[in-house]
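Below, chains carry the letters A, B, ... as their sequence lines are ordered, and counting in each starts from 1.
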Number of protein chains: 2
Amino acid sequence: MTQNSTYYSSQNSFLVAVDCVIFGFKDNKIRLLVHKRAFEPAVGGLSLMGGFVSENESVLQSAIRVLSNLTSLKNIYMEQVAVYGEINRDPGARVVSCAFYALIDISAHDESLLVQNNAFWVNINKSYELIFDHPQMVEDALKILRNKAAIQPIGFNLMPDKFTLPQLQSLYEAIYDQALDKRNFRKKIQSMDFLVKLKEVDKSSSKKGAFYYQFKDIIKD
Amino acid sequence: MTQNSTYYSSQNSFLVAVDCVIFGFKDNKIRLLVHKRAFEPAVGGLSLMGGFVSENESVLQSAIRVLSNLTSLKNIYMEQVAVYGEINRDPGARVVSCAFYALIDISAHDESLLVQNNAFWVNINKSYELIFDHPQMVEDALKILRNKAAIQPIGFNLMPDKFTLPQLQSLYEAIYDQALDKRNFRKKIQSMDFLVKLKEVDKSSSKKGAFYYQFKDIIKD
DNA sequence: TCAAAAGTGTTCGTTTTACACCCATGT
DNA sequence: ACATGGGTGTAAAACGAACACTTTTGA
């Protein structure tokens, strides 16, 4: 066990990848950003957006790069899901992949970049088939998302700048995939004290109109 | 973006390590297994037990190998903490490390192996200084442990086969680093219904004696 | 005037917290 | 007989779940 610094150089090295589980929210459904894979193996298969970590960036930076190349978004908050390190998880090579997830405002990004990358949004409750262990990554990310949503405001990035309480409720209903009671939801949200009510109302979805709200502050874990 | 399989081979590869955050429980304190590092850089510094992932094993297997080499324990349940991927986190080389944590019965492992590896237990609440980003790994692991303990029985591995309720309470008190009410603790534990009361009592710490209990079943997440 | 969505409180059961005394025994 | 740690129940508070009616307004 006594070695000098050549100890490092005697070790195996591996490709290290990142895969991004990108959630968005549209038409009251949680959406997942996927793309058609452009190279072998599994060319044409549905895949999470990913990439390889390069020398001059941290693993997290790498995930942020992948996502911002795809969406042109900056200042994205990404969080780790887990590492996927099975030997044959990628049939093309031994690749250790680290999954990250992010929540983005589906309307705020650059549509044309998605098209360029053969990327599109799928409804998370509908069926679709991802390659490799990507389904596991999505499942793990959803689990984290659900746990998180119970404790603290998510929705920063999933919601547009101004939104109504019925819209926010739809988001939570989509995350948990179940209907919530309007009064209990509002009570809970208001007790958490992270929203500011605006004077403006949104009449796009009702005659009466619903008040707009904004997040008070960015609260990051 | 259209590539063939040489796409893989054009990428950087990295050393991938595992670091093990090993918790034990002794004298009513949570202990952490650390060792004196045997090679540069930071030779002699306090470090988590770690190692490099090799070609013929998954990342998880690698962590299990490291831990079982050190303790001779088999069938250890390890869980991921996170990936640590900053560029300069290890001054010796670019190393992406994946931390795992485990809970082990401190009395059940092979003491002499620890000595051979310059390894020993430190009290987690006392001060000690770990190298690199290992303090962060420990902190992150503790956070996970605390969250988990609230929901489901941990302690399988931290406790000996038979244990008393006061002992188990001490474990929880150590995990949360705060005193718990005896009656509330017992009520909660009993409502979770995972213990079996034995007829035998432990008189080692009181005159009256405390009943031994065992875990009913292995319940894994 | 009516259809459609927004908004608003109360009750009930469950869970969590706080709290104090008796028991068994070895010395 | 007494000191030591083991064991037990109850009341108050906080929290989560269930539930129905009024308001506004555009068509």
Side-chain angles (χ1 to χ4, degrees), chain A residues 25-29 146-155 159-160 162-214, chain B residues 25-29 146-155 159-160 162-214:
Chain A
F25 183 62
K26 199 179 179 188
D27 302 332
N28 288 352
K29 306 287 179 204
R146 292 194 171 118
N147 282 332
K148 237 191 150 73
I151 301 172
Q152 51 176 229
I154 50 154
M159 298 300 276
K162 297 186 293 192
F163 50 87
T164 65
L165 289 185
Q167 280 166 14
L168 188 63
Q169 182 172 347
S170 302
L171 169 62
Y172 275 77
E173 290 178 332
I175 289 172
Y176 292 113
D177 197 21
Q178 68 168 343
L180 300 175
D181 180 88
K182 224 184 337 178
R183 283 167 290 188
N184 292 339
F185 176 77
R186 294 167 100 97
K187 208 187 311 173
K188 178 150 199 177
I189 288 293
Q190 310 223 346
S191 81
M192 288 194 203
D193 188 42
F194 57 83
L195 293 185
V196 190
K197 187 178 188 172
L198 306 183
K199 300 241 160 92
E200 205 178 342
V201 296
D202 165 36
K203 293 205 168 178
S204 67
S205 75
S206 78
K207 293 159 184 168
K208 182 178 180 183
F211 280 97
Y212 277 119
Y213 286 77
Q214 279 184 323
Chain B
F25 183 63
K26 199 177 181 189
D27 302 333
N28 289 353
K29 304 287 177 202
R146 291 193 171 118
N147 282 332
K148 237 188 151 78
I151 301 172
Q152 51 176 229
I154 50 155
M159 298 301 275
K162 298 186 292 188
F163 51 87
T164 66
L165 289 185
Q167 279 166 14
L168 187 63
Q169 182 171 347
S170 303
L171 169 62
Y172 276 78
E173 289 178 331
I175 290 173
Y176 291 112
D177 197 21
Q178 68 168 341
L180 301 175
D181 179 88
K182 225 186 330 182
R183 281 168 291 189
N184 293 339
F185 176 78
R186 295 166 100 95
K187 207 188 309 172
K188 176 148 201 177
I189 289 293
Q190 311 223 349
S191 80
M192 289 194 202
D193 187 42
F194 58 82
L195 293 185
V196 191
K197 188 177 188 171
L198 306 183
K199 301 241 161 91
E200 203 179 343
V201 297
D202 165 35
K203 293 206 171 178
S204 67
S205 73
S206 78
K207 293 160 185 171
K208 182 178 179 182
F211 281 97
Y212 277 118
Y213 287 76
Q214 279 184 322

Pairwise N/O distances under 3.5 Å, protein to nucleotides 1-4 of chain C:
none

What is the minimum heavy-atom distance between [X] and [Y], and which atoms define it?
X: B:Tyr212; Y: B:Lys162; value: CD2-CB, 3.6 Å
X: A:Gln167; Y: A:Phe25; value: O-CE2, 4.1 Å
X: A:Leu180; Y: A:Tyr172; value: CD1-CB, 3.7 Å

- Spacing of B:Ile175 atom CD1 and B:Lys148 atom NZ [to the nearest 0.5 Å]: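 These two atoms lie 12.0 Å from each other.
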- Query: For B:Phe211 and C:dA24, what is the distance between atoms CZ and P respectively, to the nearest whole Å?
  - Reply: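 In whole Å, C:dA24 P lies 10 Å from B:Phe211 CZ.
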- Message: Output the rounded distance in Å from CD1 (A:Ile189) to P (C:dT8).
- Response: 14 Å
- Message: Using a 4.0 Å cut-off to any heavy atom of chain A, which nucleotides of DNA chain D are the first and last in contact, reading 5' to 3'?
- Response: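 Nucleotide range with atoms under 4.0 Å of chain A: D:dA17 to D:dG26.
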- Task: Can you sort out the partners of B:Lys187 under side-chain contact (heavy atoms from CB on, under 4.5 Å), two or more places apart, ordered by chain and number?
- Result: B:Asn184
- Counterpart residues, side-chain contact (heavy atoms from CB on, under 4.5 Å), relative to B:Val196 (two or more places apart): B:Lys216
- Query: Near DNA chain D, under 4.0 Å by heavy atom, which residues of residues 195-203 of chain A?
  - Reply: A:Lys203
- Residues in residues 169-187 of chain B with a heavy atom under 4.0 Å of DNA chain D, by number, are B:Lys182, B:Arg183, B:Arg186, B:Lys187
- Taking C-beta and beyond as the side chain, do A:Tyr213 and A:Leu198 meet within less than 4.5 Å on heavy atoms?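 No, too far: nothing below the 4.5 Å cut-off.
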